[in-house]
Trainee: 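Once you've had a glance at the structure underneath, I'll fire off some questions.
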Amino acid sequence: DQQVKQNSPSLSVQEGRISILNCDYTNSMFDYFLWYKKYPAEGPTFLISISSIKDKNEDGRFTVFLNKSAKHLSLHIVPSQPGDSAVYFCAARRSGGSNYKLTFGKGTLLTVNP
Amino acid sequence: NAGVTQTPKFRILKIGQSMTLQCTQDMNHNYMYWYRQDPGMGLKLIYYSVGAGITDKGEVPNGYNVSRSTTEDFPLRLELAAPSQTSVYFCASIPGQGVGKNIQYFGAGTRLSVL
């Protein structure tokens with residue numbers, strides 16, 4: 001069973017526009033959420049995170065929104081740049097655990113066209 | 001600052017061969033993880049370690065073994081390689097304390113093909 005779901009395998013946007021990547025989760029015990037970006041032939045790199053006690057976290061062009069009642073989070077990139085083209089993974093951590101394990105979604109390939 | 005280093009970057013194995021994927025981190029992180037990523041899939045946890053001498057299974061441990069004799073090193077051993085183990089393998093580590101304690105830092109990956 002997939003506890004973290006990214007239902008859009010790919011997304012294409014124009015440079016300068018907003019990119020919105022979505023993520024849904026099923027486990028109500030998740031209390032911390034992260035977004036990672038991955039370029040081809042590289043490892044994932046941390047982008048932004050949010051705790052379940054917040055509904056929004058912003059870092060420059062990147063904003064993550066969390067809707068706990070809907071078990072949904074989204075990553076907004078404004079404005080989108082060609083260098084943002086990558087695979088984006090949503091990940092979640094379960095509360096109460098002492099091992100800091102993460103559960104990952106399958107990823108969304110974002111293509112930003114010049 | 002090297003971070004998490006994985007070797008080799010690429011490897012081709014024949015069915016039944018064995019090999020060790022190396023992972024070293026220089027950030028003094030206690031927590032380390034091994035994942036595999038198959039095409040179109042997310043990262044699946046193979047094994048993890050919460051400190052030297054302590055390891056535990058993740059979601060997909062069959063066909064793999066690990067050891068953690070030092071804080072820095074967390075090698076992943078494949079015994080009797082099978083085509084189903086063709087994948088990209090990532091090692092990660094996490095501080096587990098302080099600011100950023102939840103953020104996993106990843107190596108560049110090892111691409112393994114078993115033919």
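Heavy atoms only: backbone and side chains are in, while hydrogens, waters and symmetry mates are out. Below, chains carry the letters A, B, ... as their sequence lines are ordered, and counting in each starts from 1.
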Trainee: Is it the case that over 12 heavy atoms from other parts of the model lie below 6.0 angstrom from the CD1 atom of B:Ile12?
Mentor: no
Trainee: Is there a path of hydrophobic side-chain contacts, each under 4.5 Å between heavy atoms, that joins A:Phe62 and A:Trp35?
Mentor: yes
Trainee: Out of curiosity, does A:Leu75 fall in the hydrophobic cluster containing A:Tyr25 (side-chain heavy atoms, cut-off under 4.5 Å, transitive links)?
Mentor: yes
Trainee: Of the backbone (N, CA, C, O) and the side chain (C-beta and beyond), which part of A:Pro9 lies under 4.5 Å from a heavy atom of chain B, both, or neither?
Mentor: neither
Trainee: What part of A:Ala41 is in contact with chain B, defined as an atom under 4.5 angstrom from a non-hydrogen atom: side chain, backbone, both or neither?
Mentor: backbone
Trainee: Find the distance between CD1 (B:Ile94) and CZ (A:Arg93) and round it off to the nearest 0.5 Å.
Mentor: 8.0 Å
Trainee: Need one label for A:Leu102: side chain, backbone, both or neither, based on atoms under 4.5 Å from any heavy atom in chain B.
Mentor: both
Trainee: Is there any residue in residues 105-115 of chain B with a non-hydrogen atom under 4.5 Å from a non-hydrogen atom of chain A, and which ones are they?
Mentor: B:Phe106, B:Gly107, B:Ala108
Trainee: Does A:Tyr100 use its side chain to pair, donor to acceptor, with the backbone of B:Gln104 at less than 3.5 Å?
Mentor: no
Trainee: Could you tell me which residues in residues 28-55 of chain B have at least one non-hydrogen atom under 4.5 Å from a non-hydrogen atom of chain A, sorted by residue number?
Mentor: B:Tyr31, B:Tyr33, B:Tyr35, B:Gln37, B:Gly40, B:Met41, B:Gly42, B:Leu43, B:Leu45, B:Tyr48, B:Val50
Trainee: Residues two or more places apart in sequence or in another chain: which of them pass ring-ring contact (aromatic ring centres under 6.0 Å, His included) with A:Phe65?
Mentor: A:His76
Trainee: Looking at CD1 of B:Ile103 and OG1 of A:Thr45, how far apart are the two atoms once the value is rounded to the nearest 0.5 Å?
Mentor: 11.0 Å
Trainee: Identify the heavy atoms of B:Asn102 and A:Leu34 that sit nearest to each other, and give their distance.
Mentor: O-CD2, 3.7 Å
Trainee: Would you say A:Val64 ends up clustered with A:Leu21 if hydrophobic residues are merged whenever their side chains have heavy atoms under 4.5 Å apart, either directly or through other cluster members?
Mentor: yes
Trainee: Is A:Lys101 close to chain B through its backbone or its side chain, or both, or neither, when contacts mean heavy atoms under 4.5 Å?
Mentor: both
Trainee: Do A:Ile48 and A:Val78 sit in one hydrophobic cluster, given that two such residues count as connected whenever their side-chain heavy atoms are within less than 4.5 Å of each other, even indirectly?
Mentor: no
Trainee: So which bits of residues 64-93 of chain B come within less than 4.5 Å of chain A, counting non-hydrogen atoms only?
Mentor: B:Phe90
Trainee: Is there a path from A:Leu109 to A:Val13 through hydrophobic residues (I, L, V, M, F, W, Y) whose side chains come within less than 4.5 Å of each other?
Mentor: no
